[in-house]
A.B. asks: 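This is the structure, below, for whatever I ask next.
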Amino acid sequence: MQAPRVRFAPAPTGYLHVGSARSALFNWLFARHHGGKFILRVEDTDESRKSQEFIDAVCDPLRWLGLDWDEGPYFQSQRKPDHTAAIEQLIDDGKAYFCDLSLADSQRLSAEAGLREGYHGWSRDRNVADGDGVVVRFRVPDEGSTVVDDLIRGRVEVAHDTIDDFVIRRGDGSPVFFIANAVDDHDMGITHVIRGEDLLNTTPRVMLLWEALGYGPVPRYAHLPLLVNEQRKKLSKRRDSVALSAFVAEGYLPEAMLNALALLGWGPPDEIEIRPTTEIVSLFSLEAVNKGSAYFDLVKLKHINNAYIKALTPAEFVQAAAPWLPGHYDLEVVEVLAPEVQQRISTLSEAPGWLDWLFVDEISEYDEKAWAKAMTGGRAADRVLAELIEVLDVDPFNDPGLLETTVLEVGNRLSEEIGARVMSQAPLRVALTGSGAGIPLWEAMTHLGKERTLSRIAAAQRRLGV
RNA sequence: GCCCCGUUCGUCCAGCGGCCUAGGACGCCGGCCUUUCACGCCGGUAACACGGGUUCGAAUCCCGUACGGGGUGCCA
């Protein structure tokens, strides 16, 4: 294949949607796989939003994902003269015409003519003069059909009599995206148009314009299955939390996000799902993309993110998690304990939840269920605490193995004395962390220090009412 | 209404006429490991929407039905 040129052409809506990100990704994968070019083009045809803020809202998430573009961003709004010229060419060639009818006019005419609802070329021969509020419509051929030879869907044929003469220039003179699309794709030498299935219906219109403008062979088209929500509806901003920035903020790793997104609508032939981006690039193929829509499952995303987090070295983890760690945390301690945290979190934002007890002066809140189980309802918890406060008064307080055996011995000794199993770790954990679950204590205790360890046991004794 | 697209375990993916008594992953359930929670390991659960046809043979091809989705005259 000749080096392809593909483009990602988002509307500047002020954020990047996961569905859009997936489209961008598939374009990028295709370009990288074939050694082609990936072009970014912002489709701001209505000229209302092209502030830096809107541009960043699209570019930043793409950069974060690692989807580097080779050209652009181009702005459709800046190409308006070319679009206008194309519209004029079509008018001159008799392939487009002016129309000044309102929707109500059109509906009335359809009703009077006994035709289905829709615009039936009413102004084709009315010789309407151009003017304020007058639109330009494309004259769709009455006969025949247009065939989209889709790389994913195969042959899709749409009869021309189901396509009404559509508007290509608004009443205010601005070009509509169909025409901008055709002109830009042509001028930019786009060879493959890869986008969501929601645009499949508009493709014949763009193809018709392409042909009318004498552009020659159309690009290859590939319409990706839609990403849907639990209700199987197209993901929407209002209903679903879909901004990529939200995933960034929660602490998903870009490689994990990319990996997860690549698995929606596509799967590697060898069934190995979690793998480096370079492998995804080399295995990717548009022909292997499926047709059915996909639900973006957060649970699986978390699993994938956890896998990537676990694969980080401690130093890498600290660096990645730093934005979510309060400033008073000792990052050297975090790095030592990193592996224990990494295996327990699925997003980086969860990291403080496992570490916070290490960096506060005292426990202000205890998990009541854990307290009830280990303390109030724990066997001989009062005696365990009393013994621990004695035996843990050791120097130096820096040997995890020694701390472990020391603590467990307390439980074992009391077990023998009482004749029933006494757990010493459970009360200690609750006393130190306020929780019944957490990372292993021994190493962490050496960083908590003897002083805080003993004072927390004492605090627990007071709370127990001993 | 009309046009277009789709339909394999709850979810994502594999399967592109015989290798399928349908495979992998997530989830879920059970077990092992473990004096916490996890990780890890082992096992289990669960699907070809339905009906015709083509064929020696269909999850794979064709037709229809059902269901779902997308589009539908100045959003992109």
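Model, not experiment: these values are computed from the prediction. Naming convention: chains lettered A, B, ... in sequence-line order (proteins, then strands); numbering from 1 in each chain.
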A.B. asks: With hydrogens left out and only the distance checked, is there a donor-acceptor pair under 3.5 Å joining A/R116's side chain and the base of B/C2?
C.D. replies: no

A.B. asks: Please report, rounded to the nearest Å, how far the C1' atom of B/G40 is from the CD atom of A/E340.
C.D. replies: 13 Å

A.B. asks: Look at A/K233 and B/G70 and indicate whether a side-chain polar atom (N or O) is within less than 4.0 Å of OP1 or OP2.
C.D. replies: no

A.B. asks: Are any of A/K373's side-chain N or O atoms less than 4.0 Å away from OP1 or OP2 of B/U36?
C.D. replies: no

A.B. asks: Of all the nucleotides listed (B/A76, B/G6, B/A38), which has the minimum atom distance to the side chain of A/R344?
C.D. replies: B/A38

A.B. asks: Kindly say whether, by distance alone, the side chain of A/E273 makes a donor-acceptor pair under 3.5 Å with the base of B/G24?
C.D. replies: yes

A.B. asks: Whether the A/Q76 and A/N181 side chains hold a donor-acceptor pair (N or O, under 3.5 Å, no angle test) is what I'd like checked.
C.D. replies: no

A.B. asks: With a non-hydrogen cut-off below 4.0 angstrom, is A/S106 in contact with a base, only sugar-phosphate, or nothing?
C.D. replies: base

A.B. asks: Ignoring backbone atoms, establish whether A/K291 has a side-chain N or O less than 4.0 Å from OP1 or OP2 of B/C5.
C.D. replies: no

A.B. asks: Mind calculating the distance between CZ (A/R155) and P (B/C5) to the nearest angstrom?
C.D. replies: 11 Å

A.B. asks: At 4.0 Å (heavy atoms only), tell me whether A/V156 reaches a base, stays on the sugar-phosphate, or touches nothing.
C.D. replies: sugar-phosphate

A.B. asks: In whole angstroms, how far is the C1' atom of B/G27 from the CG atom of A/L301?
C.D. replies: 14 Å

A.B. asks: In this structure, how many angstroms lie between the C1' atom of B/U34 and the CD atom of A/Q343, rounded?
C.D. replies: 12 Å

A.B. asks: Tell me whether the centres of the aromatic rings in A/F178 and A/F166 are closer together than 6.0 Å.
C.D. replies: yes

A.B. asks: Using ring-ring contact (aromatic ring centres under 6.0 Å, His included) as the criterion, point out the one residue from A/F38, A/F284, A/W266, A/F8 that pairs with A/F26.
C.D. replies: A/F284

A.B. asks: Need one value for A/L408: base, sugar-phosphate or nothing, where a base atom within 4.0 Å counts as base even if backbone is also close, heavy atoms only.
C.D. replies: base

A.B. asks: Are side-chain N/O atoms of A/Y295 and A/N229 paired as donor and acceptor at under 3.5 Å?
C.D. replies: no

A.B. asks: Heavy atoms only, 4.0 Å cut-off, all strands: where does A/A294 land among base, sugar-phosphate and nothing?
C.D. replies: sugar-phosphate

A.B. asks: Students often get this wrong, so: under 4.0 angstrom with heavy atoms, is A/Y295 touching a base, only sugar-phosphate, or nothing?
C.D. replies: sugar-phosphate

A.B. asks: Classify A/R137 by what it touches in the nucleic acid, base, sugar-phosphate, or nothing, heavy-atom distance under 4.0 Å.
C.D. replies: sugar-phosphate

A.B. asks: Using whole Å, what does the distance between atom P of nucleotide B/C26 and atom CD1 of A/I272 come to?
C.D. replies: 13 Å

A.B. asks: Which is true for A/L226 with a 4.0 Å heavy-atom rule: it touches a base, it touches only sugar-phosphate, or it touches nothing?
C.D. replies: sugar-phosphate

A.B. asks: Where the side chain of A/R421 is concerned, which of B/A76, B/U35, B/C4 is the nearest nucleotide?
C.D. replies: B/U35

A.B. asks: Any side-chain N or O of A/R170 less than 4.0 Å from the OP1 or OP2 oxygen of B/C75?
C.D. replies: yes

A.B. asks: Send over the distance from A/R379 CZ to B/U35 C1', rounded to a whole Å.
C.D. replies: 13 Å

A.B. asks: Using heavy-atom distances to pick each residue's nearest nucleotide on RNA chain B, tell me which of A/E117 and A/N201 is more 5'.
C.D. replies: A/N201

A.B. asks: Is A/E157 touching bases, backbone alone, or none of the nucleic acid, heavy atoms closer than 4.0 Å?
C.D. replies: sugar-phosphate

A.B. asks: From NE2 of A/H303 over to P of B/U11, roughly how many Å is that when rounded to an integer?
C.D. replies: 18 Å

A.B. asks: Let me know, please, whether A/D165 or A/L441 comes out on the 5' side of the other along RNA chain B by nearest nucleotide.
C.D. replies: A/L441

A.B. asks: Taking donor-acceptor contacts at under 3.5 Å, does the side chain of A/D198 reach the base of B/G71?
C.D. replies: no

A.B. asks: Strictly by modelled atom types, are A/S174 and A/H83 linked by a side-chain donor-acceptor pair under 3.5 Å?
C.D. replies: no

A.B. asks: State which of B/C26, B/U35, B/C3 makes the closest approach to the side chain of A/V158.
C.D. replies: B/C3

A.B. asks: So for A/E271 and B/G23, does any side-chain atom that can act as donor or acceptor lie under 3.5 Å from a complementary atom in the base?
C.D. replies: yes

A.B. asks: By the 4.0 Å heavy-atom rule, please label A/K302 as base, sugar-phosphate, or nothing.
C.D. replies: nothing

A.B. asks: May I ask you to say what A/R232 touches in the nucleic acid, namely base, sugar-phosphate or nothing, with a heavy-atom cut-off under 4.0 Å?
C.D. replies: sugar-phosphate

A.B. asks: Write down the distance between CZ (A/F138) and P (B/C74), rounded to a whole number of angstrom.
C.D. replies: 17 Å

A.B. asks: Looking only at side-chain N and O atoms, does A/N306 offer a donor or acceptor that is under 3.5 Å from a partner on A/K310?
C.D. replies: yes

A.B. asks: Within less than 4.0 Å of OP1 or OP2 of B/A14, is there a side-chain N or O belonging to A/N290?
C.D. replies: yes

A.B. asks: Checking contacts here: which listed nucleotide (B/U36, B/G69, B/G27) is nearest the side-chain heavy atoms of A/V299?
C.D. replies: B/G27

A.B. asks: If you look at every strand shown and take non-hydrogen atoms under 4.0 Å, does A/L103 touch a base, only sugar-phosphate, or nothing?
C.D. replies: base

A.B. asks: Just wondering, more than 12 heavy atoms not from A/E368 lying within 6.0 Å of its CD?
C.D. replies: yes

